[in-house]
Structures are given as structure tokens and as C-alpha cells.
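Notes follow once the structure below has been shown.
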Amino acid sequence: MTTLDTAFVTDEGSRPLPSPLLERWPEHPSGLRQQLNLTRELAITAFKLKYAGSALGYVWSLAKPLMLYGMMYLVFAIFLLRGKTTPLENFPAQLLVGIVIWFFFNEATHAALTSVASNADMLRKAYFPRWILVVAAIASSTMTLAINMSLILVLGFAFHWYHVGWQSLLIVPLLVEMCLLTLGVGLFLAAIYTYYRDLGHIWDVLLQFLFYASAVIFPFKLIPLRFQSLIALNPTAQIIEDARRALVSPVLPWSTTVLHARVVVPLALVVLSLAAGAWVFSRLGAHFGERL
Amino acid sequence: MSEPVISVDHVSKRFRVPLDHGHTLQYRFSHPVSSSRYRELQAVNDVSFDIGEGDFIGITGPNGCGKSTLLKMISRIFAPDTGSVMVRGRVSPFIELGVGFKGELSARENVFLAGAVLGLTRAQLATKLDDVLEFAELTEFADQKLKNFSSGMSARLAFSVAMLADADVLLLDEVLAVGDARFREKCLNVFDYYKQEKRTVVLVSHDLATLELYCDRVLLMQRGHLIADGLPQDVTAQYRRLVSKMSETGRGSPASGSGPLARKVTATTRRWGTREVEITDVRLLDDNGNERDSFLTGEPLVVQVDYKSNGLNGRFTCSVGFGRSSVPLLAAPRTSWAPDPLPPVRSGAAGTVTYRLPAVGFLGASYLLSVSLYDERNNHMYDAIQNVMEFRVTDVRGRVGWLALDGEWSHKQAGAGTLDDSGAVA
């Protein structure tokens with residue numbers, strides 16, 4: 001090599017920063033804080049984008065389940081189930097609580113299902129823990145749930161739809177249980193969907209089946225007695241029924257009344273879904289980048 | 001070298017590229033046994049290297065050579081099949097620009113989103129938002145949706161956000177293929193700064209000039225293998241030879257030439273043109289007509305180009321180019337700049353064009369000669385042979401540089417009193 005090639009690489013002394021953007025940060029947030037911060041940003045973004053471009057915007061997050069409710073109310077409470085429920089059971093309020101919770105499960109699992117695949121671009125160009133995508137998708141649906149739940153609680157208390165007591169506070173742990181179930185199912189769905197896109201169609205059908213198996217649109221007592229304890233093992237049915245008992249009417253049964261000791265089964269299923277979802281997701285997660 | 005910052009140890013990565021719809025269960029069910037409908041692609045094959053703290057490393061190679069896959073394994077986006085990758089310190093989480101950008105969001109919102117991917121909180125980003133928009137020259141577009149930006153505008157925004165990554169190790173994949181020349185200049189200033197700050201940078205790029213300018217060391221990949229690892233000038237020269245060799249096998253032999261030309265071609269020789277007039281031989285001579293491949297600075301040098309017209313009836317121009325492997329053209333004298341044009345030729349005719357330098361002005365180094373024939377207006381290429389031959393120039397005075405300029409020094413001292421040769425005051 002000639003001396004020339006290195007001759008001009010001399011120390012030019014320290015130059016000023018080309019831009020204040022390059023200043024080093026005095027400290028960095030911890031890893032977990034960074035991850036939660038990214039999760040929050042992604043969740044807020046997803047929430048904003050869901051209604052971007054529509055004239056009514058966020059109003060739709062409220063209007064959609066309410067319109068669904070109006071339709072179901074007309075069909076079931078007024079036409080089909082007329083005379084099959086007592087005023088004390090307050091079926092219209094049961095329907096309202098059921099639909100809001102179900103709407104969340106439906107929307108959140110759908111969002112989680114596509115959360116990894118629809119962010120393929122980001123995933124192939126940046127490293128961050130992949131679960132953030134699933135949690136952000138579910139968190140964004142949780143925002144909708146929070147808005148809807150607040151609305152029906154405020155309206156319900158104002159118009160005395162509910163039977164309020166200490167037991168009403170149980171709605172909080174029940175919603176937490178719902179979110180955990182959704183997270184477990186969502187992690188599983190997101191991981192498998194990355195490999196097999198058929199899951200989108202399969203999940204549509206399964207959701208429809210679960211919808212009926214959760215007694216959303218009819219009172220639980222209409223299920224034949226010998227099937228009641230079987231249906232109640234399904235965590236979505238258990239959560240919706242207990243939420244109704246907590247909020248709506250004292251004549252409804254708790255899941256413990258139907259299941260007795262077997263009430264651990266839906267709870268165990270929630271834990272199992274979390275464990276299985278997390279396991280599958282972590283097993284497949286390392287290869288998402290090259291699969292998409 | 002102290003403990004490496006990045007250590008890549010016998011890393012391999014194989015991709016299974018499905019040949020058909022392996023993504024659906026229908027395929028799985030209808031082809032239960034044939035699980036081998038894949039094309040195996042060995043993207044990275046047993047690659048090992050270490051990178052020390054403060055090194056500015058380039059990775060280059062032809063398309064599909066595995067350089068981006070390698071970078072993605074360093075950044076943990078891909079997991080290696082075998083081998084291990086170890087990185088110390090804070091690594092910038094994204095390797096390309098504009099990660100996480102959403103067209104439906106405003107520039108401002110996109111800064112917060114992409115900043116979050118970098119691991120920065122909303123509060124941190126809020127303190128830098130104005131600087132980001134200012135550097136990107138987008139202050140007045142802060143609330144405009146990104147989808148209404150031109151690609152250059154979003155690239156500028158993306159680069160500005162990426163600068164916030166306060167990382168010890170920066171991994172960058174072709175980040176300079178963006179923006180206009182002026183913005184590119186700003187980006188290069190940032191590279192200067194990283195280099196001066198002794199940050200560890202791994203830059204994947206095709207832009208050999210940038211690699212030569214910034215890198216301390218360049219890795220060359222080909223078909224998944226690491227085939228060279230060394231000083232930038234040496235490795236980029238090898239890459240240029242590789243590319244010209246690949247284009248030879250791809251298009252027959254562009255540097256063809258039967259006859260006297262064949263023996264002269266170098267590894268980097270490339271040839272283009274329609275050949276209405278064809279170069280049949282090129283000679284480097286001294287004033288006595290002897291062929292030479294080395295000269296002393298200041299000696300006369302003669303280039304002779306033999307040509308033959310294969311159908312051209314009219315005028316053409318001839319140009320000879322002198323360059324180095326890192327600087328393609330140092331000088332390119334051509335007949336169209338001369339007082340008299342070349343006389344018109346008739347199809348079938350042959351002749352010789354001569355260019356004489358009374359004194360070689362180059363200093364000690366290797367130089368490459370290129371020769372080309374154009375039409376009269378210099379916009380149609382009849383025949384051009386790049387790097388047709390290499391020659392050495394030796395400067396007996398050992399001067400540094402490439403060109404001996406004919407400048408004159410002079411000196412004038414203010415005030416009285418000069419020293420004579422013996423050192424006494426005159």
C-alpha cells in the first residue's frame with residue numbers, strides 16, 4: 001500500500017456535534033420499561049388506526065357493540081325469548097353485559113391472531129421481544145373494552161338496571177381473568193397463524209361455536225340441565241355468567257353453584273392457555289423473522 | 001485487540017424457501033409425505049469474525065450473498081441455525097430506516113412510534129422532537145400525515161429519528177440509498193461523527209466509495225461465505241474483480257478479444273459498445289516505440305489504439321482514461337478536445353490513434369488505462385474497454401500523492417536578517 005492511502009486520514013481535532021440529536025442520553029430506561037413503553041405506543045397507535053379515516057372515529061368503538069346489542073335485543077329479548085325469562089332475571093341487562101364482554105374476546109383474539117403477521121415489515125427490520133406485538137394488539141382492544149364497560153356501568157347504575165352489592169366488585173377480577181385468557185389464546189393464535197394462514201378461517205368458525213357455547217344471547221338456564229355443568233367449564237361461559245351474577249341479578253347462579261368443586265376447571269383452562277400460548281410463542285418466535 | 005464487541009463464531013443460516021403454497025393446511029393435507037418441497041438456501045455458511053470496540057466495519061458483496069442475513073443475526077432479528085453471535089453493549093435495535101412508520105399518522109406521531117422502537121420514552125422524545133423535525137427539514141410538516149410525504153421526505157424523517165439511537169453498536173443496512181445529495185452530505189457528517197466518537201459501526205453497503213472512505217475494515221461475502229476480510233482498498237478491489245468476473249460468466253466474455261488484446265486484459269477489464277468501430281489493440285510505449293508497463297515520473301508515455309471500422313462511414317472520437325482502482329478517472333483526454341478531429345473513416349478501414357504525454361505526471365503507484373471510441377458527438381459508444389491494462393509509475397524522488405503538479409514555490413520574509421547557508425546572520 002502506498003503511504004498516500006493513509007496520508008490524509010489524520011486527526012482533525014474534535015468537531016462540534018453535527019446535530020443535537022446525537023447527544024448521548026444521560027440515562028436509559030430499564031429494559032422492561034422500554035418494552036412496556038413500546039407496547040403502549042403500539043397499542044395507542046393500533047387504537048388510533050382502527051378508526052382512522054372514518055367520519056365518526058372513536059365513536060365507532062362505542063357504536064358498534066351498541067348497534068349489535070340493539071339488534072340482539074330486538075331478536076332475542078323481544079321476539080324469540082319473550083315470556084321465557086322473568087323480569088327479576090332482567091335478560092336485557094344480561095344481554096348487554098354478555099355482548100360487551102364477548103365483543104372484547106372476539107375483537108382481541110382477532111387482533112392478536114394477525115398481530116405478528118401484519119407487522120412483518122417491522123419484525124424483519126428491528127429487534128424487540130415479539131410478544132410486544134400480541135400484547136399491544138390485545139391492549140388496544142382492552143381500551144375499547146374499558147370505554148364500553150364504563151359506559152354500560154354508568155348507564156346501568158343511572159337507570160337501575162343492575163342489582164348492586166359487594167359482589168359487583170367481582171367484575172374486576174373477572175375482567176382480569178378474561179384478559180389473561182385472551183392473552184394465552186392470542187399468543188397461541190399469533191404464533192400458529194405465522195405458519196398457517198388457514199387458522200384465520202378456522203378461528204372464525206371456532207369463535208362462532210364458542211359464541212353459542214357461552215350463552216351470550218340466551219339465558220344460561222335455557223341450556224338443558226345436564227349440559228349446564230359441561231358448558232360452564234368453558235372459561236368464556238364461566239366469565240360471562242359470573243359477570244352477570246355479579247352485576248345483574250341475584251337470582252342467577254354463580255359458576256360455583258353449577259360446578260361445585262369443578263370450578264377450578266375453567267380457571268385451570270385459563271392458566272393452561274397462558275402457559276401453552278407462552279410456550280408455543282417462545283418456541284416459534286425465534287423464527288418469525290424468516291417465516292414472514 | 002481488546003475483548004471484541006461483536007463476536008461471530010462459526011455462524012450458519014439456512015432458509016427453506018417453499019416452492020408452493022406451504023403456508024396452507026390444504027397443502028399439508030394433500031401432500032402429507034412430501035415435506036421436501038423446499039428449496040434449501042444456504043444464506044450464511046460458517047462465518048466467523050470479531051469486531052473490536054470503535055471499529056467501523058463494512059460488509060459488502062453481490063446481491064443475495066448473505067450480508068443482510070448476517071447483519072440480521074447480529075441484531076437478533078434472525079436466530080442462527082448453528083454457531084453463536086455475541087454482542088456487548090447497547091445495540092441499535094433497527095437496521096433499516098423507517099421501521100414502524102405508519103402512513104396514517106402524522107410526522108410527529110411517527111417520531112414517537114419509531115422512537116419507542118429505539119427504546120425511548122415519550123418524555124425523552126418530547127425533548128428532542130423539534131430537533132428531529134429541524135434536522136429532517138420538516139418542521140412545517142409536523143402535523144401532516146406521512147402518507148402525503150414524498151419518499152425523500154419520509155427518508156429524511158427516518159434518518160433523523162435513527163440518529164436518536166444512542167447505541168454503542170450501530171448496525172446499518174444500506175441506509176445511504178436515500179435522500180438527495182445535500183441530505184446525503186448531512187448523513188455522511190453523522191458517519192464522520194460516529195467515527196470520531198469511536199462508536200462501533202457495522203455498515204452493509206454496495207457503495208464501495210463510502211466503504212473506502214469510512215471503514216477500517218471491510219468484509220466481502222459471496223454465496224454465504226466470507227471470502228475476504230481486510231483493508232478497505234484491498235477488499236473493494238477484490239469485489240470489483242469479482243463483479244467483473246461474474247459479468248463475464250454471465251454475458252459470455254465481454255473483455256473478449258482474440259488477437260493481441262487478449263493477452264493484455266486485467267481481472268477488472270470490462271468492455272461495452274456496439275462495435276461499429278472496434279478497438280483491435282492498445283499499446284503503451286515509450287518514445288522509442290518499445291512496449292512498457294512501467295514508467296518513471298516525468299518520462300514520455302505514448303498510448304496507441306488500433307481500430308477497425310466494421311460498418312462506420314464517418315467520424316468518431318477516441319478517448320484514453322487514466323485511473324486507479326479507487327478513483328476510476330483521474331484524467332480522460334479525448335480527441336474531441338484536440339484542435340483537429342480524427343479524419344472520417346470508411347467501413348473496413350483500420351488505423352491507429354496515438355496519444356503522447358511528453359512527461360508522465362503521475363507519482364508512484366499503479367494506474368489503470370481505459371480506452372473508448374465514441375461517435376462524433378460523444379453520446380453513442382462504439383467500443384469501450386475499461387481497465388484494459390495496468391501500468392506502474394515510479395517516482396524516484398518518492399513524492400507523496402498521485403499527481404506531480406507543475407507549481408512553483410516562492411518565499412518572502414518580512415523584516416531583515418536571513419541566515420546564510422552556514423547559519424551565520426548575514
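The shown structure was predicted, so the numbers you read here are calculated from the model rather than taken from an experiment.
Without hydrogens or angle criteria, B/Asp166 side chain to A/Trp25 main chain gives a donor-acceptor distance under 3.5 Å. Although no hydrogens or angles enter the test, the distance criterion places no donor-acceptor pair under 3.5 Å between the side chain of A/Asn37 and the main chain of B/Ala116.
For B/Arg90, the part lying near chain A is the side chain, with the backbone staying farther off; criterion is any non-hydrogen pair under 4.5 Å. Only the backbone of B/Ser75 comes within less than 4.5 Å of a heavy atom in chain A; its side chain stays farther off. Residue B/Asn110: no heavy atom, backbone or side chain, is found under 4.5 Å from chain A. Both the backbone and the side chain of B/Leu120 come within less than 4.5 Å of a heavy atom of chain A. At a 4.5 Å heavy-atom cutoff, the contact between B/Glu109 and chain A is made by side-chain atoms alone. Both the backbone and the side chain of A/Glu23 have a heavy atom closer than 4.5 Å to some heavy atom of chain B. Contact annotation for B/Phe15: only side-chain heavy atoms (C-beta onward) come within less than 4.5 Å of a heavy atom of chain A. Proximity to chain A involves both the backbone and the side chain of B/Lys128, based on heavy atoms less than 4.5 angstrom apart. Only the side chain of B/Lys13 comes within less than 4.5 Å of a heavy atom of chain A; its backbone N, CA, C and O stay farther away. B/Tyr194 touches chain A through its side chain: at least one heavy atom from C-beta onward sits under 4.5 Å away, while N, CA, C and O do not. Residue B/Ser68 does not touch chain A at all, counting heavy-atom pairs closer than 4.5 Å.
With salt bridges taken as basic N to acidic carboxylate O contacts below 4.0 Å, one links A/Glu41 and B/Arg122.
Atom NE2 of residue A/His287 and atom CG of residue B/Asp81 lie 7.0 Å apart, to the nearest 0.5 angstrom. Interatomic distance, B/Arg199 CZ to A/Arg24 CZ, rounded to the nearest 0.5 Å: 4.0 Å.
Residues of residues 124-134 of chain A that come closer than 4.5 Å to chain B, counting heavy atoms only, are A/Arg124, A/Lys125, A/Ala126, A/Tyr127, A/Arg130, ordered by residue number.
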